[in-house]
Amino acid sequence: MALQIDAVTLFPQMFAAVSECGISGRAFARGHAELQLWNPRDFTADNHRTTDDRPYGGGPGMVMLAEPLAAALDAAQQRQQQKGVARPHRIYLSPQGRPLDHARVMRLAEQPGLILLAGRYEGVDQRLLDEYIDETISIGDYVLSGGELAAMVVIDAIIRQLPGVLGDAGSAQQDSFVNGLLDYPHYTRPEVYRGVTVPSVLTGGNHALIQRWRLQQSLLLTRKHRPDLLAKRGMSAAETHLLAECRQDNQPD
Ligand code: 9WO
């Protein structure tokens with residue numbers, strides 16, 4: 001059964017980036033997932049189609065009204081139920097959420113249905129969040145202009161994990177992040193580009209050596225840029241040896 005995704009957003013046009021392009025676009029076209037967008041502006045009752053108001057307690061900016069969001073979320077939930085999803089998992093995108101990582105992506109990919117709420121302005125009335133949201137997710141420690149780009153990041157990351165979306169080659173290549181390390185560097189033709197030659201091990205044809213070099217590069221890059229990942233994951237004796245044997249020069253950025 002196709003993964004059912006609904007997103008509530010003031011800017012549904014933005015989601016064309018994920019629904020029409022690349023691997024995710026193809027996955028939607030082939031029916032691995034279905035995306036329905038809901039604009040809270042279409043669920044307003046007043047002539048001005050108001051979706052925001054000033055914050056109680058004062059301060060700068062505006063807060064999204066609970067009522068139009070509730071009506072849009074109810075419509076989304078109704079559609080999910082028509083598609084056979086009794087209890088869709090409801091996610092709000094916010095810097096205040098739990099950080100997104102590979103493990104969380106894999107658990108979300110097991111859900112039959114997801115409803116994503118993308119906020120704008122300075123945020124959403126807390127009572128709406130308390131009533132509707134199962135989980136708040138952050139894609140990183142920075143503020144965006146709204147939750148839409150974060151929602152698209154979540155959608156893209158999940159769709160790549162659905163069975164059949166990536167070919168066999170793609171699935172195998174993914175093992176790189178599955179093993180908890182950063183990816184190794186990639187090279188393609190020409191063998192000499194502006195005087196810089198591809199590392200000779202990659203053109204030497206010894207596949208055991210190539211595998212060993214790639215793991216070594218992954219370990220070096222992970223130690224340099226993401227020591228937190230190495231600490232969390234630990235290293236085998238063989239990996240420790242691989243790291244110890246390379247010299248300080250000739251290392252990736
Ligand atoms: C706006 C703002 C303006 C002045 C002072 C403080 C402020 N905070 C915010 C703010 O957090 N706005 C958010 C915009 C409200 C919820 C939706 N928006 C959002 C989501 N921005 N960034 C995200 C987000 C989501 C997931 N992961 C990283 C960032």
Side-chain angles (χ1 to χ4, degrees), residues 3 5-19 21-22 24 33 35-44 48-77 88-111 113-161 177 182 225-226 228-229 232:
L3 169 63
I5 307 173
D6 290 81
V8 172
T9 169
L10 283 170
F11 297 101
Q13 329 86 279
M14 287 181 71
F15 286 75
V18 73
S19 66
C21 301
S24 58
L35 177 64
Q36 182 72 233
L37 300 165
W38 304 93
N39 191 336
R41 207 169 292 287
D42 296 333
F43 295 85
T44 52
H48 289 100
R49 311 223 295 162
T50 310
T51 58
D52 62 328
D53 205 337
R54 291 150 61 199
Y56 278 118
M62 301 292 269
V63 176
M64 291 187 86
L65 294 165
E67 286 290 3
L69 290 177
L73 287 162
D74 285 341
Q77 186 131 338
H89 190 59
R90 298 167 301 190
I91 298 168
Y92 178 55
L93 289 309
S94 159
Q96 278 76 49
R98 295 199 191 99
L100 185 68
D101 62 9
H102 181 68
R104 191 165 296 279
V105 168
M106 297 310 284
R107 272 189 284 116
L108 292 175
E110 292 171 6
Q111 293 282 334
L114 301 172
I115 299 180
L116 302 167
L117 173 57
R120 280 272 155 174
Y121 314 118
E122 272 62 66
V124 172
D125 190 304
Q126 186 62 39
R127 293 165 296 181
L128 181 285
L129 299 178
D130 293 341
E131 182 182 16
Y132 277 91
I133 296 304
D134 298 313
E135 179 177 32
T136 304
I137 290 180
S138 165
I139 63 161
D141 296 336
Y142 38 79
V143 178
L144 303 168
S145 305
E148 284 83 3
L149 287 169
M152 285 187 267
V153 165
V154 170
I155 291 171
D156 185 83
I158 290 171
I159 282 189
R160 306 172 49 78
Q161 302 301 334
F177 215 118
L182 301 184
H225 291 176
R226 297 296 306 278
D228 58 307
L229 288 180
K232 188 161 86 176

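Reckoned from all heavy atoms, side chains included, excluding hydrogens, waters and symmetry mates. Remember, it's 1-based here, ligands and their atoms both numbered in the order they're listed. By convention here, the first residue in the shown sequence is residue 1. Worth saying up front: this structure is predicted, and the values here are computed from it rather than measured.
Looking at I159 and V18, their side chains never come closer than 4.5 Å, going by heavy atoms from C-beta outward. Proximity of D125 to L69: side-chain heavy atoms (C-beta onward) are nowhere separated by under 4.5 Å.
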May I have every N or O pair linking ligand 1 to the protein at under 3.5 Å, one per line with atom names and distance?
| from | atom 1 | to | atom 2 | distance (Å) |
| --- | --- | --- | --- | --- |
| ligand 1 | 12 (N) | Y121 | O | 3.2 |
| ligand 1 | 21 (N) | L144 | N | 3.2 |
| ligand 1 | 21 (N) | L144 | O | 3.1 |
| ligand 1 | 22 (N) | L144 | N | 2.9 |
| ligand 1 | 27 (N) | I139 | N | 2.8 |

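D74 and Y132 share a donor-acceptor pair across their side chains, judged by distance under 3.5 Å alone.
Heavy atoms only, all atoms of each residue included: D42 and R49 are closest at OD1-NH1, 3.3 Å.
Interatomic distance, CG of D134 versus CD1 of I91, reported as 8.0 Å (0.5 Å rounding).
Between R104 and E135 there is a salt bridge, since a side-chain N of the basic residue sits under 4.0 Å from a carboxylate O of the acidic one.
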